[in-house]
Visitor: 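This is the structure I have questions about; it appears just below.
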Amino acid sequence: MTSIYYQVNRSYPLTQIEQEQVAQILKECEANYPYPYDDMNDESSLEMQTEVLFFLIQWLTTLRRAISNAEWNVSLEDVTLIWEDENGFRLMTNEEFSALY
């Protein structure tokens, strides 16, 4: 199984509006998560894991847009996800990954 790690830092707390937005995003994430949590195990299909991965990337994109002026660090294991204002978080392309190593 692969893990997504994220950290958000900002010098001041969430505003009331941000708290409400984050609560709504978390509620929607839980309601729309594509699989029961206990179905995620080492025998899960690649298709299932891929669907969950992209679901979580979209969730993090929505969360980042709700929390302004913060420093975000998001990675898939040890590979940093790319942020694009228009499209949100995305995985590196093969070329971007190869350029790092």
Side-chain angles (χ1 to χ4, degrees):
M1 181 166 303
T2 303
S3 297
I4 293 180
Y5 301 95
Y6 66 98
Q7 181 176 1
V8 184
N9 293 305
R10 189 169 75 175
S11 61
Y12 56 93
L14 295 176
T15 66
Q16 181 64 36
I17 291 171
E18 289 172 330
Q19 289 178 30
E20 292 168 5
Q21 289 175 328
V22 168
Q24 184 61 34
I25 291 166
L26 293 174
K27 184 177 178 180
E28 290 172 6
C29 179
E30 185 176 337
N32 296 317
Y33 188 77
Y35 298 101
Y37 290 103
D38 59 357
D39 280 356
M40 297 304 295
N41 57 46
D42 291 337
E43 297 162 8
S44 298
S45 71
L46 181 59
E47 182 178 328
M48 177 191 291
Q49 291 179 27
T50 301
E51 185 175 339
V52 168
L53 171 64
F54 285 102
F55 176 86
L56 294 174
I57 289 172
Q58 182 60 46
W59 172 75
L60 285 166
T61 293
T62 304
L63 199 56
R64 178 174 172 155
R65 289 187 171 133
I67 302 173
S68 62
N69 300 319
E71 180 182 322
W72 285 75
N73 295 304
V74 179
S75 63
L76 178 64
E77 295 297 335
D78 61 347
V79 177
T80 301
L81 272 65
I82 306 289
W83 174 259
E84 296 176 332
D85 288 335
E86 185 176 330
N87 300 314
F89 285 111
R90 68 171 175 83
L91 299 170
M92 287 185 183
T93 64
N94 287 340
E95 293 79 20
E96 289 168 330
F97 184 78
S98 296
L100 293 176
Y101 301 99

Visitor: With rounding to the nearest 0.5 Å, note down the distance linking CD in Gln21 to CD in Gln19.
Guide: 11.0 Å
Visitor: Could you list all the ring-ring contact (aromatic ring centres under 6.0 Å, His included) pairs where at least one residue sits in residues 4-25, not counting sequence neighbours?
Guide: Tyr6-Trp59
Visitor: Any side-chain heavy-atom pair from Ile4 and Val74 closer than 4.5 angstrom?
Guide: yes
Visitor: What closest approach, in Å, do Val22 and Leu14 show between heavy atoms, and which atom pair accounts for it?
Guide: CG2-CD1, 4.4 Å
Visitor: Measuring from atom OG1 of Thr80 to atom CZ of Phe97, what distance do you get when rounded to the nearest 0.5 angstrom?
Guide: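 One gets 10.5 Å once the value is rounded to the nearest 0.5 Å.
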Visitor: One pair to check against side-chain contact (heavy atoms from CB on, under 4.5 Å): Met92 and Leu100. What are the steps and the verdict?
Guide: CA-CA 10 Å; Met92 287 185 183; Leu100 293 176; 3.2 Å; yes
Visitor: Return each pair, listed once, that meets salt bridge (Lys or Arg N to Asp or Glu O under 4.0 Å) where at least one residue sits in residues 90-101; pairs must be two or more places apart or across chains.
Guide: Glu84-Arg90, Arg90-Glu96
Visitor: To the nearest 0.5 Å, how far apart are CD in Glu18 and CG in Leu63?
Guide: 10.5 Å
Visitor: Would Val79 and Leu91 count as a side-chain contact (heavy atoms from CB on, under 4.5 Å) if you check the C-alpha gap in whole Å, the side-chain angles of each, and the deciding distance to 0.1 Å?
Guide: CA-CA 8 Å; Val79 177; Leu91 299 170; over 6 Å; no
Visitor: What is the minimum heavy-atom distance between Ile57 and Phe89, and which atoms define it?
Guide: CG2-O, 3.5 Å
Visitor: To the nearest 0.5 Å, what is the distance between CG (Leu60) and CD1 (Ile25)?
Guide: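 These two atoms lie 10.0 Å from each other.
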Visitor: For the backbone of Pro13 and the side chain of Arg10, can you confirm whether one donor and one acceptor N or O come within less than 3.5 Å of each other?
Guide: yes
Visitor: Do any N or O atoms from the side chain of Gln7 and from the backbone of Trp72 form a donor-acceptor pair under 3.5 angstrom?
Guide: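 Answer holds: no.
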Visitor: Do Trp83 and Asp85 make a side-chain contact, defined as non-hydrogen atoms from C-beta onward lying under 4.5 Å apart?
Guide: yes
Visitor: Using salt bridge (Lys or Arg N to Asp or Glu O under 4.0 Å) as the criterion, list what pairs up with Glu20, not counting sequence neighbours.
Guide: none
Visitor: Working to the nearest 0.5 Å, report the span between CG of Leu56 and CG of Leu81.
Guide: 10.5 Å
Visitor: Is the CD1 atom of Ile17 crowded by more than 12 outside heavy atoms at less than 6.0 Å?
Guide: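 Atom CD1 in Ile17 is not crowded, with 12 or fewer foreign heavy atoms closer than 6.0 Å.
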